[in-house]
Structures are given as C-alpha cells and as structure tokens.
Amino acid sequence: CTLLCANVLLAQTEFWVGNLRYEVTSTNPAEVEVDHADNYPIPITIANIPTTVSYEGTTYSVTSIGKYAFDNCSSLTSVNIPNSVTSIGDHAFNGCSSLTSVTIGNNVTSIGSYTFRDCSSLTSVTIGNSVTSIEKYAFDNCSSLTSIDIPNSVTEIGFYAFNDCTSLTSVTFGENVISIDVAFSSCSFLQNITCLATNPPTLFSNSFPYPNIATVTVPCGSLEAYSS
C-alpha cells in the first residue's frame, strides 16, 4: 500500500497541458514549473508561457522555468515569460539556435547560468525590472545580438555573461549596477557603452578589453569618478 500511494503521488507531480510539460513544486499554494522534456509531442516554435495552468480540477500558478526546460529546442523562435514567473533555471534555453526574441517578465529575479547560451539567432532581449543578477555565460555566444539594455534592478553581471556576442555594438547599464565581471569577452565590435550608475561599478581587468570603444556615456557629475 505504501508503494502504491507513493507511485500515485509521483504520477500526479508531472503532467502535460498542450505542448508543455509541468512539474508541481507546491500544492499549497498550487504552483508548477515548466519542466524539461526529452521529446515534445510537436515541435515548439513559439513558447507563450501561461500565467496559470489547470490540471484535474486544480489551477496552478506557473512560477518558474526549470533547468534545461527547452534545452536544444532548435525549432523555438520566440519566448514570452509572464510576470508570474520568478525564476529561470540554468540552461533553460541553451542551444535554441532559432530563437530570435525573448521577453522576460517583471518578477524574474535572476537569469541563471547558461540560460540562453548558443542562441545564435537571438536579436531582441527584453529584461524585466526585477532581475538583480545575470549569471555566468547567460548569453554566451548570442552572436546575432547587437544591443542590450540592462535595467536599473540589475546589480551584478557574471563571468562571460555576454561572451562571444560578436555582433554586439552597444550596451546600456542601469542605475544600480555595482559589479561587472569579465562579462564581455570577445565582443570585439562593442563601441558604445552607457552607464547610468552615479557610482562607477567594480570592473575586472578584462571587463572591456577593447581599444576601439568610441563612446562611454556616464551621468553628469560622475565624470571625475569614472575617469579615476
């Protein structure tokens, strides 16, 4: 009886709705994350993550996207992540080579390691205003990305976060960035940097190893601090 009950409980923790697989992460409150699937029933081209999903009479809030959820989903072209989602797992969209646009909702607090690595067709990224950190290799080798606006909520940008973004020409950092690791290695076409933080962020020796950066724009009154 104990084994049977355990199996029934396990069977109820994972389910499919439409072409997405979900895993129950909490029953009170009722919450799920978008889970990894080895094979999707049909190729996914657009992933509009829902705010809620219903299964067997229970309505669950979709609060996270799990590790490897869409890993190497080569048919995926567009992702919209709603405000109900608060976390995106490592490698969640790694290797989605056809992905061109991503909108991250306003309650996500961190973009995990390797989340969008090798999304070589990605040209448009909108980052929500609750993200505080962009982890290592998050956008590594997004070779079609030309510009990125990092919102005021972000305080830390991790190691190689934008490594090998070889088409990147401009970056805007928000008002509260305090630390930029060696995040822009091999971004050899980066020319324009805007930093809205009054106090200069902590940089590493190779944070921006490019002699051809044309302009660096900083707040009025902070020029001396940045120059030193």
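What you see is a predicted model, and the numbers here were worked out from it, not measured in a lab.
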Check whether T77 reaches the backbone of I46 with its side chain - one donor and one acceptor, N or O, closer than 3.5 Å. no

Has the side chain of S207 got a donor or acceptor atom that lies under 3.5 Å from a matching backbone atom of I180? yes

Between V171 and L203, is there a shared hydrophobic cluster once you connect ILVMFWY residues whose side-chain heavy atoms come closer than 4.5 Å? yes

Polar side-chain atom of S130 near backbone of V108 as donor-acceptor pair, under 3.5 Å: no

Same hydrophobic cluster for V53 and I44, using side-chain heavy-atom links shorter than 4.5 Å among ILVMFWY? yes

Minimum heavy-atom separation for S120 and S144, please, with both atom names. O-OG, 2.6 Å

Backbone N/O of N80 and side chain of T103: donor-acceptor pair under 3.5 Å: no

Nearest 0.5 Å please: distance from the CG atom of N129 over to the CD1 atom of I104. 12.0 Å

Donor-acceptor check, side chain of T132 to backbone of T109, threshold 3.5 angstrom: yes or no? yes

Polar side-chain atom of S121 near backbone of S97 as donor-acceptor pair, under 3.5 Å: yes

With a 4.5 Å cut-off on side-chain heavy atoms, are V32 and E23 touching? no

F93 vs F116 aromatic rings, parallel, tilted or perpendicular, using cut-offs 30° and 60°? parallel

Is there a chain of hydrophobic side chains (I, L, V, M, F, W, Y, each step under 4.5 Å between heavy atoms) that links I127 to L196? no

Would a 4.5 Å heavy-atom cut-off, applied to side chains only, mark I111 and V131 as touching? yes

Can you find a heavy atom in the side chain of T63 that is under 4.5 Å from one in the side chain of S84? no

Would you find a donor on one side and an acceptor on the other, under 3.5 Å apart, between the side chain of S26 and the backbone of P29? yes

Working to the nearest 0.5 angstrom, can you tell me the gap between N141 CG and L122 CG? 11.0 Å

About how many Å separate CD1 of I49 and OG of S64, when rounded to the nearest 0.5 Å? 10.5 Å

Please walk me through it: do E31 and Y60 pass side-chain contact (heavy atoms from CB on, under 4.5 Å)? CA-CA 5 Å; E31 297 176 343; Y60 297 90; 5.8 Å; no

With rounding to the nearest 0.5 Å, note down the distance linking SG in C142 to CG in D140. 7.5 Å

Could you see if L145 belongs to whatever hydrophobic cluster contains Y114? Use Ile, Leu, Val, Met, Phe, Trp, Tyr and a side-chain cutoff under 4.5 Å. no

Verify side-chain contact (heavy atoms from CB on, under 4.5 Å) between V34 and Y22, making sure each step is shown before the conclusion. CA-CA 5 Å; V34 180; Y22 299 91; 3.9 Å; yes

Which atom names give the shortest non-hydrogen contact between I213 and Q191, and what distance separates them? CG2-O, 3.3 Å

Going by atom types only, do T59 and S54 share a side-chain donor-acceptor pair under 3.5 Å? yes

Do V218 and L190 share a hydrophobic cluster (ILVMFWY, side-chain heavy atoms under 4.5 Å, transitive)? yes

Inter-residue atom distance L168.CG - S186.OG, 0.5 Å rounding: 12.0 Å

Partner of Y160 by ring-ring contact (aromatic ring centres under 6.0 Å, His included), out of F184, F139, F204, Y137: Y137

Shortest non-hydrogen contact between G128 and S153, atoms and distance: O-OG, 4.0 Å

Has S185 got a side-chain atom pairing as donor or acceptor with V182's backbone, closer than 3.5 angstrom? no

So, taking the atom named CD in E33 and the one named CD1 in I65, what distance separates them when rounded to the nearest 0.5 Å? 9.5 Å

For the residue pair N152 / N176, report whether a side-chain donor-acceptor contact shorter than 3.5 Å exists. no

Hey, does P201 have a side-chain heavy atom less than 4.5 Å from the side chain of S179? no

Do S61 side-chain atoms and T52 backbone N/O form a donor-acceptor pair below 3.5 Å? no

Indicate whether the side chain of S133 and that of E135 have a donor and an acceptor atom separated by less than 3.5 Å. yes

Taking C-beta and beyond as the side chain, do T100 and S124 meet within less than 4.5 Å on heavy atoms? no

Might you point out which heavy atoms bring F162 and C187 nearest each other, and give the distance in Å? O-SG, 3.0 Å

Do R117 and N94 touch side chain to side chain, with heavy atoms closer than 4.5 Å? yes

Distance-only donor-acceptor check, side chains N192 and T215, under 3.5 Å: yes

Heavy-atom closest pair (Y68 atom, H36 atom, distance to 0.1 Å) is O-ND1, 2.6 Å

Do I150 and I157 come close enough that some side-chain heavy atom pair is under 4.5 Å? yes

Just so I know, are the side chains of T166 and D164 near enough to count as touching, which here means a heavy-atom distance under 4.5 Å? yes

For I148 and V125, what are the C-alpha separation, side-chain angles and deciding distance, and is it a side-chain contact (heavy atoms from CB on, under 4.5 Å)? CA-CA 7 Å; I148 187 76; V125 177; 3.9 Å; yes

